[in-house]
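Comments concern the structure below.
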Amino acid sequence: MAQSNKNFKRFTVTSALPYANGPIHIGHLAGVYVPADIFVRYLRSKGEDVIFIGGSDEHGVPITIKARQQGVTPQEIVDKYHTMIRDSFEKFGISFDVYSRTSAPIHHDTAAEFFRKMYEQGDFIEKTTMQYYDEEAHQFLADRYITGTCPHCSYEKAYGDQCENCGTSLSPTDLINPKSALSGRVPVQKETKHWYLPLDQYEGWLREWILEGHKDDWKPNVYGQCKSWIEQGLQPRAVTRDLNWGVRVPIENTEGKVLYVWFDAPIGYISATREWSEKTGKDWEPYWKDEGSKLIHFIGKDNIVFHCIIFPGMLKKEGTYILPDNVPANEFLNLEGDKISTSRNWAVWLHEYLEEFPGKQDVLRYTLCANAPETKDNDFTWKDFQAKNNNELLAIYGNLINRTIVLTEKYFNGKVPERQKISEDDKAILEEIKKFPERIGSKLDHYRFREALSEMMNLARLGNKYLTDSEPWKVIKTDEDRVKTILNISLQICANLSILSEPFLPFTAEKLTYLLNIKPLRWDEAGHSDILESGHQLNKAEYLFERIDDKVIETQVSKLLEAKKQNEAQESGVNPAKENIVYDDFARIDIRVGTILEAEKIAKTKKLIKLKIDTGIDQRTVVSGIAEYYKSKDIIGKQVCILVNLEPRKLRGIESQGMILMAEDANGKLVFVSPAEKFMNGSEVK
RNA sequence: GGCGAGGUAGCUCAGUUGGUUAGAGCGUCGGAUUCAUAACCCGGAGGUCACGAGUUCAAUUCUCGUCCUCGCUACCA
């Protein structure tokens with residue numbers, strides 16, 4: 001992975017810009033901000049020149065929709081969430097050098113300038129297409145602003161990009177009876193001109209740069225995803241949209257057009273750096289334009305294509321920028337077994353956590369780092385959070401510090417005793433200590449945060465073992481000099497921890513430096529065993545962590561269950577009745593009771609099961625899309641209702657002779673409609 | 001359907017350029033201990049390394065196929 005960091009003069013570390021239409025949750029933290037923060041704290045501790053960039057992404061259609069729904073302006077929406085996000089990051093110890101926002105004037109300038117330069121260089125292609133236009137509101141309509149009847153499921157409130165009832169993705173022209181969400185009028189199709197980034201032309205150098213150049217140092221998930229995109233063939237992508245919210249297209253005759261949000265958002269990293277530059281008086285350009293700078297994007301896996309292909313494409317074409325050295329994207333974090341969802345309120349919100357667990361930032365940081373979804377999706381559970389606090393942070397780290405300081409208080413009035421004669425065991429320990437900075441650091445250099453964290457804890461484990469093995473509480477009765485040595489070494493371990501744990505546990509490290517009564521030290525000062533001088537006075541012992549008991553965890557779990565209940569209530573939306581029919585329409589339908597004789601999942605399909613049914617009339621094959629809800633082996637022998645006079649139809653090359661009756665709820669979950677008791681096969685359902 | 005990532009102890013993960021008894025942390029069980037927030041320390045149990053076939057003297061590691069999870073993409077209803 002990453003070549004030696006020593007080859008670089010400075011580091012530019014960006015973290016994905018959170019979208020300002022909701023608060024931050026643990027998924028964002030575990031995937032992006034905690035690892036990024038650990039990384040930059042480590043670099044700073046090593047004395048590297050590093051800038052850590054964050055900011056809110058405030059443009060795009062979803063924000064305008066949210067604003068309309070709430071009857072406020074988009075700016076009010078983003079003001080609210082930007083403030084909230086910024087403050088919660090700060091309280092959580094995410095140590096941005098700058099946290100900016102894309103509605104800031106400096107960003108509008110930067111993005112417009114970026115676009116203009118590319119435009120003048122002829123880097124875009126222009127295309128005119130037909131788009132829906134609302135003649136009353138006098139504007140073109142984003143896909144989300146058009147509603148109509150879904151051509152698949154007849155749901156009447158489908159959006160232009162997706163039907164929320166059946167989940168199908170749509171394009172606005174698919175909708176039956178399209179309506180503008182702005183005025184309710186029928187929109188008309190109208191020509192509009194947009195600019196496209198010709199990604200297809202970048203394939204050559206992208207292949208060389210990523211597929212050949214980063215085969216070994218990018219994470220497999222990132223590399224694989226890029227490969228997938230490139231091999232599938234890249235398409236030109238529109239960089240502008242017809243919308244009133246965003247960065248105005250900086251060329252003439254482009255009323256009502258803005259930069260597409262994905263185009264302006266990554267430029268936000270650059271704008272933020274410029275903002276930082278204005279505040280600090282330092283030059284921003286080397287961080288983005290000097291080959292001696294190492295640019296690293298921390299993101300979630302949903303952002304890979306933008307940061308590995310599109311944004312680099314923009315940077316390269318613009319011509320004066322460097323490309324990212326690495327994009328250590330993480331996978332997703334689940335919560336108690338379910339996908340985290342902002343709209344379904346299935347999340348642990350950072351601002352709530354900070355209120356409910358005051359002073360426990362590091363506990364969450366630790367849990368999220370230990371469970372970071374580095375190689376695959378991972379699950380956060382409150383029980384695990386509790387275990388990590390009680391059995392690791394408290395039992396191993398906190399306990400070592402506490403017992404060491406308490407012993408020192410007891411025997412030496414809290415003064416660091418002088419080291420006396422060194423035993424072979426002591427020597428071995430001192431040698432071990434030396435290895436930790438490099439051991440932890442090299443893991444961090446390679447973005448292996450979980451392992452780095454575990455190595456850090458190993459130092460605390462080493463300290464505990466040393467204490468237990470050398471039993472100063474016994475030795476004190478016979479050999480005080482020996483105890484001096486033991487505690488001196490134990491205290492040096494504590495001092496090392498104050499340095500080496502700082503990137504992971506900044507609040508704890510700070511408390512620890514207070515307890516040890518020292519100044520924060522740099523990474524290079526770790527590994528040594530003379531950090532604390534003999535005679536140095538410690539402060540009084542205090543706990544670094546407190547036990548979290550079951551009650552606290554139960555409260556959190558029931559809070560989640562409450563959210564789940566509310567979701568279910570909300571999602572139990574029922575479709576309105578269809579038009580009336582006459583009896584004859586119904587009488588033509590022939591439904592029978594049948595029994596499933598065989599069931600076999602059809603390979604390579606998501607939903608299909610091939611069933612053999614005894615209908616009383618005959619035995620026949622039916623293909624049914626129920627595999628997401630039933631396992632083949634569980635349904636054999638089950639009685640079901642089957643529509644027997646449906647025109648046969650081939651699905652996956654198998655002729656399906658009928659249809660099994662299923663009830664479907666608002667979530668699309670299916671359940672068999674079966675006779676209430678065992679009934680003769682072939683019985684008619686009337 | 002195509003593509004990508006993953007599938008290793010109860011949980012979270014490491015590892016194997018193919019080679020004797022597959023590792024760690026947490027949990028669990030037992031022991032020891034009392035300086036320490038029932039914490040620390042020692043030890044045990046626990047895995048046919050998703051499944052099947054192939055290559056090989058030897059495969060968890062290579063090849064092929066299958067299944068499962070997640071994502072991207074396409075299509076079908």
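Note that the coordinates shown come from a computational prediction; the quantities given were computed from them, not determined experimentally. Letters go in sequence order (proteins before strands), and every chain restarts at 1.
- Phosphate contact (OP1/OP2 of B:rC40, side-chain N/O of A:R403, threshold under 4.0 Å): absent.
- Salt bridge annotation for A:D379-A:K339: absent, with no cationic side-chain nitrogen under 4.0 angstrom from a carboxylate oxygen.
- B:rC11 sits 30 Å from B:rU20 when the C1' atoms are compared, rounded to a whole Å.
- At the heavy-atom level, A:S454 lies nowhere under 4.0 Å from the strands shown.
- Using a 3.5 Å distance cut-off with no hydrogens or angles, the side chains of A:Y223 and A:D216 do not pair a donor with an acceptor.
- Contact check, A:K339 against B:rG71: a side-chain N or O comes under 4.0 Å of OP1 or OP2.
- If you check B:rG2, B:rC41, B:rG6 against the side chain of A:P220, the one that comes closest is B:rG6.
- Under the 3.5 Å distance criterion, with hydrogens and angles disregarded, a donor-acceptor pair is assigned to the side chains of A:D550 and A:Q386.
- Aromatic ring pairs are classed by plane angle as parallel below 30°, tilted from 30° to 60° and perpendicular above 60°; the pair A:F380 and A:W382 is perpendicular.
- The distance between atom CG of A:D469 and atom C1' of B:rC35, rounded to the nearest whole Å, is 14 Å.
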Kindly determine whether A:R403 and A:N464 satisfy side-chain contact (heavy atoms from CB on, under 4.5 Å), including the steps that lead there.
-> CA-CA 9 Å; A:R403 65 201 295 217; A:N464 277 317; 2.9 Å; yes
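- Between the CG atom of A:N464 and the C1' atom of B:rG25 there is a distance of 14 Å, given to the nearest Å.
- We find that CE of A:M457 is positioned 12 Å from C1' of B:rC40, with the value rounded to whole Å.
- Checked against B:rC42, B:rC40, B:rC13, the side chain of A:K465 finds its nearest nucleotide in B:rC42.
- RNA chain B is contacted by both A:V406 and A:I396; A:I396 maps to the nucleotide lying nearer its 5′ end (nearest heavy atom per residue).
- B:rC40 atom C1' lies 13 Å from atom CD1 of A:I401, rounded to whole Å.
- Nucleic acid contact class of A:E471 (heavy atoms, under 4.0 Å, all strands): none.
- Between B:rG25 and B:rU63, the distance separating the two P atoms is 32 Å to the nearest Å.
- Counting only Watson-Crick and G-U wobble pairs whose two distances sit under 3.5 Å, RNA chain B takes part in these stems of three or more pairs: B:1-7 with B:67-73, B:10-13 with B:23-26, B:28-31 with B:41-44, B:50-54 with B:62-66.
- When only modelled atom types and interatomic distance are considered, A:S490 and A:Y466 share no side-chain donor-acceptor pair under 3.5 Å.
- In this structure, A:R461 does not reach the B:rG25 phosphate: none of its side-chain N or O atoms is under 4.0 Å from OP1 or OP2.
- Look at CD on A:E392: it is 10 Å from P on B:rC40, rounded to the nearest Å.
- Between A:Y366 and A:F504, a ring centre-to-centre spacing not shorter than 6.0 Å is recorded.
- The separation of B:rG2 from B:rC76, taken at their C1' atoms, amounts to 15 Å, rounded to a whole angstrom.
- Closest to the side chain of A:R448, out of B:rA5, B:rG71, B:rA14, is B:rA14.
- Taking atom C1' on both B:rC49 and B:rU60, the two are 4 Å apart, rounded to the nearest angstrom.
- A side-chain donor-acceptor contact under 3.5 Å links A:N488 and A:Q492.
- By the 4.0 Å N-to-carboxylate-O rule, A:E231 lies close enough to A:R207 to be salt-bridged with it.
- Counting any heavy atom pair closer than 4.0 Å across all strands shown, A:N399 reaches a base atom.
- Residue A:K474 has its side chain nearest to B:rU34 when only B:rU34, B:rC26, B:rU73 are considered.
- B:rA74 and B:rC13 are spaced 30 Å apart, taking the P atom of each and rounding to whole Å.
- As rounded to the nearest Å, B:rC72 and B:rC64 have C1' atoms that lie 25 Å from one another.
- Note on A:K443: every side-chain N or O is 4.0 Å or more away from OP1 and OP2 of B:rA14.
- When only modelled atom types and interatomic distance are considered, A:K360 and A:N389 share no side-chain donor-acceptor pair under 3.5 Å.
- In this structure, of B:rC3, B:rA14, B:rA39, it is B:rC3 that holds the atom nearest to the side chain of A:Q232.
- Of the candidates A:R439, A:K427, A:K465, A:R461, A:E432 forms a salt bridge (Lys or Arg N to Asp or Glu O under 4.0 Å) with just one, namely A:R439.
- The aromatic ring centroids of A:F357 and A:F385 lie less than 6.0 Å from each other.
- Salt-bridge annotation for A:K301 and A:E331: present, with a side-chain N of the basic residue lying under 4.0 Å from a carboxylate O of the acidic one.
- When the C1' atom is compared between B:rU69 and B:rA53, the two are found 24 Å apart, to the nearest whole Å.
- Along RNA chain B, the nucleotide closest to A:N458 and the one closest to A:W229 are compared, and the more 5′ of them pairs with A:N458.
- Heavy atoms of A:D302 sit nowhere under 4.0 angstrom from any nucleic acid atom.
- Between the side chains of A:N334 and A:N378, no donor N or O sits under 3.5 Å from an acceptor N or O.
- Less than 4.0 Å separates RNA chain B from at least one heavy atom of each of the following residues of residues 376-391 of chain A: A:K376, A:D377, A:N378, A:N391.
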Residue pair A:W262, A:R237: steps toward the side-chain contact (heavy atoms from CB on, under 4.5 Å) verdict = CA-CA 10 Å; A:W262 64 255; A:R237 261 185 110 113; 3.8 Å; yes
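- Here B:rC41 is the nucleotide among B:rA36, B:rC41, B:rU33 with the atom lying nearest to any side-chain atom of A:T468.
- Nucleotides B:rC62 and B:rA5, compared at atom P, are 13 Å apart to the nearest Å.
- Between the CD1 atom of A:I310 and the P atom of B:rC72 there is a distance of 14 Å, given to the nearest Å.
- Atom CG of A:L407 and atom P of B:rU37 are 11 Å apart (whole Å).
- One can place CD1 of A:I309 at 14 Å from P of B:rG4, the figure rounded to the nearest angstrom.
- Less than 4.0 Å separates RNA chain B from at least one heavy atom of each of the following residues of residues 541-552 of chain A: A:Y543, A:L544, A:F545, A:R547.
- The side chain of A:Q225 lies closest to B:rG71, out of B:rG71, B:rU37, B:rC41.
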